[in-house]
Protein chains: 2
Amino acid sequence: MTAPKGRKDKADASRVRILDAAAALFRERGFAAVSLRAIAAAAGMQAGSVYYHFESKEQIVVEVLNLGIAAVHRAVAESVAALPTSAAAAEVIGTGIRSHFRALFQFSAYTSANVRIYGQVPAAVRAANLPVRRGYEALWDGILDRAAAAGAVRPAVDRRAFRLMLIGSINATLEWFDPDRGDVADLAGRYAAILLHGLLQPGEDAAWAS
Amino acid sequence: MTAPKGRKDKADASRVRILDAAAALFRERGFAAVSLRAIAAAAGMQAGSVYYHFESKEQIVVEVLNLGIAAVHRAVAESVAALPTSAAAAEVIGTGIRSHFRALFQFSAYTSANVRIYGQVPAAVRAANLPVRRGYEALWDGILDRAAAAGAVRPAVDRRAFRLMLIGSINATLEWFDPDRGDVADLAGRYAAILLHGLLQPGEDAAWAS
DNA sequence: TTTTCTGCCTAACGTTTGTTAGATTATTGT
DNA sequence: ACAATAATCTAACAAACGTTAGGCAGAAAA
């Protein structure tokens, strides 16, 4: 982020500092264990000041949760949209998987905050995050439905269950994979190979075979 | 659990009620958001009474985390030990996967409490749970090492990474699979087929092919 | 029946929390 | 330079928290 210019940019910069601090702390300790004072301190201000930028602690966590998904959604949507319309199902899905992994670790404070705490935040927070979650799920459903319509998907596969398995399995890697020690693209390739083998008709995943 | 008899059994019954209540609440709201008063109320007593049974809130959550893993560990260890020594690697690993799934959903309050909150509890709590975690990981490492020694595992497979993928992917199903709507054994079979295909030499997973 | 002991209740403590309202400071526009 | 406004500080509030120590009730033992 460039140096702030003008008032609007200064408020934006403070806002980002608050969100960055909150995401890192929420992912590490959970929503309830992180005080406004701790977030403010990490953002370089006092707790009362946070209320100039956000109405409540809950509003902060909703934003963190939304940003966690938005980053991944954008990455997958853009990379898939950039493929030629003639791309094979395996290529489309494989690309989506790769992009999901890339964004997952690029914005890991936000994405892992979401993965870790979504299930334990107040119900109102979950409800506020739900539309964004549904949007990302719909993106994948679209990808999988198009693959099925092209005849690439094995008929026995329940596509909803597959999508749940795909997102769940990949997101679980946040808990153990260290991008400073391993290659995210390599990990993505391995997961794509396994997942595509379970999804597609024999021969459709040849380019991704492990 | 049978009706309590005598004093020791009464204390044990109260202790179990506290742990059951804590597990259910922790998994739903996280450690910090659940007060002692809430746990006590759910267990049918007042908050001060909990201190007769446990030294601290942290001791409660350590027990919950430990029990979450112990249940799964016992299930996998017992089912694998019950197999004939001549059992094929695919059979051993598939059985382990099945048992992991079964215990995961049978004791889901405890297992999902562990899966969901382990990463956000105080460091001392994590440290106290670590030996139990390491024990379960070692169980799987043993299973996988024996399969490799028998020549059933593809040489390119990093067995540590595989074990992390196996446990991570399976545990992630806690977030979306509803055992009242679907069959756990069926889900386990599907996961085993996919995982074994990624792990074993060609032909070694024939009985589990999907 | 009386005594002992377990298991729970209760009131209270010191600390922490999210939040508010007013004051102050820093920045921008004229 | 001054005025306006944004951005932050500060003190305070009511509520909630984990925990403690003493008391009480009921069950079991003598």
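Each chain gets a letter, A, B and so on, in the order its sequence line appears, and its residues count up from 1.
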- Task: Would you check if there is a donor-acceptor pair between the side chains of B/Arg133 and B/Asn114 at a distance under 3.5 Å?
- Result: yes
- Query: To the nearest angstrom, how far is A/Leu36 atom CG from D/dT10 atom C1'?
  - Reply: 15 Å
- Between A/Ser14 and D/dA7, is there a side-chain N or O to OP1/OP2 distance below 4.0 Å? no
- Message: Looking at A/Asp145 and A/Arg159, is any side-chain nitrogen of the basic one under 4.0 Å from a carboxylate oxygen of the acidic one?
- Response: yes
- Message: What is the separation between atom CZ on A/Arg37 and atom C1' on D/dC13, rounded to the nearest whole Å?
- Response: 11 Å
- Message: Out of the candidates A/Asn66, A/Leu67, A/Ile60, only one should pair with A/Glu63 under the side-chain contact (heavy atoms from CB on, under 4.5 Å) rule; please name it.
- Response: A/Leu67
- B/Arg116 and B/Glu28 ion-paired at < 4.0 Å: no
- Message: With the threshold set at under 4.0 Å for non-hydrogen atoms, list the residues of residues 42-57 of chain A touching DNA chain D in residue-number order.
- Response: A/Met45, A/Gln46, A/Gly48, A/Ser49, A/Tyr52, A/His53
- Task: State, yes or no, whether a side-chain contact exists between B/Val76 and B/Thr95 at a heavy-atom distance under 4.5 Å.
- Result: no
- Message: Apply salt bridge (Lys or Arg N to Asp or Glu O under 4.0 Å) to residues A/Asp141 and A/Arg160 and explain how you reach the verdict.
- Response: CA-CA 7 Å; A/Asp141 286 339; A/Arg160 176 180 167 272; over 6 Å; no
- Task: Grab the CD-P distance between B/Gln59 and D/dG18 for me, whole Å please.
- Result: 15 Å
- Whole-Å distance separating the CD1 atom of B/Ile18 from the P atom of D/dT19: 13 Å
